[in-house]
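Down below is the structure, laid out as C-alpha cells.
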2 protein chains.
Amino acid sequence: MRVSRAQAQANREMVINVASRLFRERGFDGIGLKDLMKGAGLTQGGFYKQFESKEDLAALASRRAMESATRRWSSAIASSPDPLQEVIDFYLSAGHRGETGDGCPLVALGSDAARQSAEVRRPFEDGIKAHLQVLEELMPAGGAGDVSSKAMAALSLMVGAVTLSRILVDEKLSDRLLEAAAAEMKRIAASEPAD
Amino acid sequence: MRVSRAQAQANREMVINVASRLFRERGFDGIGLKDLMKGAGLTQGGFYKQFESKEDLAALASRRAMESATRRWSSAIASSPDPLQEVIDFYLSAGHRGETGDGCPLVALGSDAARQSAEVRRPFEDGIKAHLQVLEELMPAGGAGDVSSKAMAALSLMVGAVTLSRILVDEKLSDRLLEAAAAEMKRIAASEPAD
DNA sequence: ATTATCTATAGATCTATAGATAATGC
DNA sequence: ATTATCTATAGATCTATAGATAATGC
C-alpha cells in the first residue's frame, strides 16, 4: 500500500493537476473529494495526509491553473511575430470557449472565485497580475491612456467576452460576441478607432 | 396550514425572489433547498408543490434576476441627461462590486451559468440580449464599427471588470481596474482615443 | 519503525418523496 | 373535498477522521 516518497510526491502533484482541471469543469462545489482522488487513481481516505482541507486543494489547484494559463500566454507571445494577434486568436476563439477544463481559470471559475476566502482568491490575484504584466508589454506606450490601464481593460474585455460566450445558447451570437471583442482588443492596443 | 391561493402565489414569488438573491450570493451549488425555503419563511417540504426541481427554480430565479438588472439599466438611462455615464457610474462602482446579492447576475453567476443546462442558460441569454439592446442605444451610430459590436464589447468589458474586481484581494488594484474599465467604456462609445 | 494509502465510518447535508395536518373554497 | 404547507424520512452524497495494511527507508 505504501509507496515511495518520490511516488507520494508525484501522486500529490497528480491530484493538484486533476483538481485544476475538474474544478474548472465543474466548479469548486461541483466535484467532491472522492471523485477528485479517483481522477488521480487514488481513494478518498488518503486525501488528508496530503492536503489540509478541500479549500487548501482549491488554492493549490487554482494557483497551478493560473500559472499554466500565464505560461500559455507567454509562449504564445514568444513564438509569434504578431504577439497581440496571437493572444487574441487563441483566447477569443471557439476552441477556448469549448475548452473549459484546460482554458482560462478566470473564465471557468471567475464568479466562483469571487465567493472564496482570501486564501483561494490570492492565487487568482497573482495570476491576474501576471496576465496584466504580459498584456502591458503588448500595449504600445504613449498614445491614449497608460499601458497599465489599457492592460486592465483588455483583460476585463477578454475574460468577460469568453464568459458570456460560454453562457449563450445561440452559437451565432456567441461567435459574433467573440469577434466583437477581438476587434475591440485591436482598438485598445492601437489606441485609435478601427476602420 | 393551508393558505389562500393568493397567498400561495405570493409565497411562490417570494421564494423566487429570495432565490434570485441567495443564488447570486452563494452560487447555485452553494445553497440548499432548506435554506432557500427558510429565506421565504417556509419549510423544505413544500418546495416540490411549487417547483419541479431545484434546476427549475434556478431558471426562474435567474430570469427574475436578469429582468431586474435590465430594469435597473433602463431606469438609470431614463433618469439621466448622460445615460452612458450613468450606467458606467453604477455598474463599474465599488458599490456594485460589494453588492453581490442584488448586483448583476452575469457577474455573480457568470462562470456558474456557463456550466448549467440550456434551461438555466436561456434566461441569462435573454438577459444578455436585453442588456445589449440597451447598450446599443447608448452607442453613437457611424464612427468606428457597428453599434452591435460595440455593445457586445462594452458588455464584455463591464462584466469582466466587475468579476475581476471582486476576485482581487488588493483593493487598490481592484479600484484601479474599475476605473480603467470606465475610461475604456467612454472610448468605445466615443469611438476615438481618450486624452 | 515509519508512513502512504487503504477501507470503513461518523455526522452533516443534499435533493426528492410520502403522508399528515389544517385551512380554503366550493 | 381540495390543497398549501407541514413533519418526517429515504437514499445519496459531502467533508473529515480513525484505524488497518503493507511497503518503504533506516
Side-chain angles (χ1 to χ4, degrees), chain A residues 1-62 109 112-113 115-117 119-120, chain B residues 1-62 109 112-113 115-117 119-120:
Chain A
M1 281 186 157
R2 187 185 174 190
V3 299
S4 70
R5 266 175 223 172
Q7 183 58 51
Q9 181 60 25
N11 285 346
R12 178 187 161 91
E13 298 303 312
M14 180 67 163
V15 172
I16 297 173
N17 288 335
V18 164
S20 90
R21 161 176 288 277
L22 291 178
F23 281 142
R24 275 180 278 183
E25 285 179 356
R26 310 200 203 167
F28 293 123
D29 290 338
I31 179 110
L33 299 182
K34 189 179 165 189
D35 287 335
L36 283 169
M37 293 297 276
K38 190 154 76 176
L42 300 169
T43 59
Q44 194 178 356
F47 183 86
Y48 288 90
K49 288 283 157 58
Q50 285 285 6
F51 306 100
E52 275 183 28
S53 61
K54 188 185 183 185
E55 189 183 27
D56 179 32
L57 177 61
L60 291 165
S62 298
L109 292 167
D112 300 72
R115 291 188 295 263
Q116 303 301 310
S117 66
E119 183 192 347
V120 178
Chain B
M1 283 187 157
R2 188 186 174 188
V3 300
S4 71
R5 267 177 223 172
Q7 183 57 51
Q9 180 61 25
N11 285 346
R12 178 186 161 91
E13 299 303 312
M14 180 66 163
V15 172
I16 296 173
N17 288 335
V18 165
S20 91
R21 161 176 288 277
L22 291 178
F23 281 142
R24 274 180 279 183
E25 285 179 355
R26 310 201 204 168
F28 293 124
D29 290 337
I31 180 112
L33 299 181
K34 189 179 167 190
D35 287 334
L36 284 167
M37 293 297 275
K38 190 154 75 177
L42 300 169
T43 60
Q44 193 179 357
F47 183 85
Y48 288 91
K49 289 281 155 58
Q50 285 284 9
F51 306 99
E52 276 185 25
S53 61
K54 188 184 182 184
E55 188 183 26
D56 178 30
L57 177 62
L60 292 165
S62 297
L109 292 166
D112 301 71
R115 291 187 296 261
Q116 303 300 309
S117 66
E119 182 193 347
V120 178

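Quantities reported herein were computed from a predicted structural model and do not represent experimental measurements. Each chain gets a letter, A, B and so on, in the order the sequences are listed, and its residues count up from 1.
- The side-chain heavy atoms of A:Lys38 and A:Val18, taken from C-beta on, include no pair separated by under 4.5 Å.
- Note on A:Gln44: a base of the nucleic acid sits closer than 4.0 angstrom, heavy atoms only.
- Here the closest non-hydrogen pair linking A:Ala19 and A:Leu36 is CA-CD2, 3.7 Å.
- Closest non-hydrogen pair, A:Met37 versus A:Thr43, comes out as CE-O, 3.3 Å.
- A donor-acceptor contact closer than 3.5 angstrom is absent between the side chains of B:Glu13 and B:Asn17.
- When all heavy atoms are compared, the tightest approach of A:Ser62 to A:Phe28 is OG-CZ, 3.5 Å.
- Taken together, the paired segments of DNA chain D that extend over three or more consecutive Watson-Crick or G-U pairs, each closer than 3.5 Å at both contacts, are C:1-24 with D:1-24.
- Between A:Arg24 and B:Arg115, the shortest heavy-atom distance links the atoms O-NH1, 4.3 Å.
- Comparing A:Glu52 and B:Arg12 against DNA chain D, the residue whose closest nucleotide sits nearer the 5' end is B:Arg12.
- No donor-acceptor distance shorter than 3.5 angstrom exists from the side chain of B:Gln116 to the backbone of B:Glu55, with no hydrogens or angles considered.
- Chain A approaches DNA chain C within less than 4.0 angstrom (heavy atoms of the protein), and the contacting nucleotides run 5' to 3' from C:dT2 to C:dT7.
- Both A:Lys49 and A:Asp35 lie close to DNA chain D; mapped to their nearest nucleotides by heavy-atom distance, the more 5′-ward contact belongs to A:Asp35.
- Across all their heavy atoms, B:Tyr48 and B:Ser53 have their closest contact at CE2-CA, 3.8 Å.
- Along DNA chain C, the nucleotide closest to B:Ser4 and the one closest to B:Lys54 are compared, and the more 5′ of them pairs with B:Lys54.
- Using a 4.0 Å heavy-atom criterion, one finds that B:Gly45 contacts the bases of the nucleic acid, with or without backbone contacts as well.
- Among the heavy atoms of the strands lying under 4.0 Å from B:Thr43 is at least one base atom, whether or not backbone atoms are also near.
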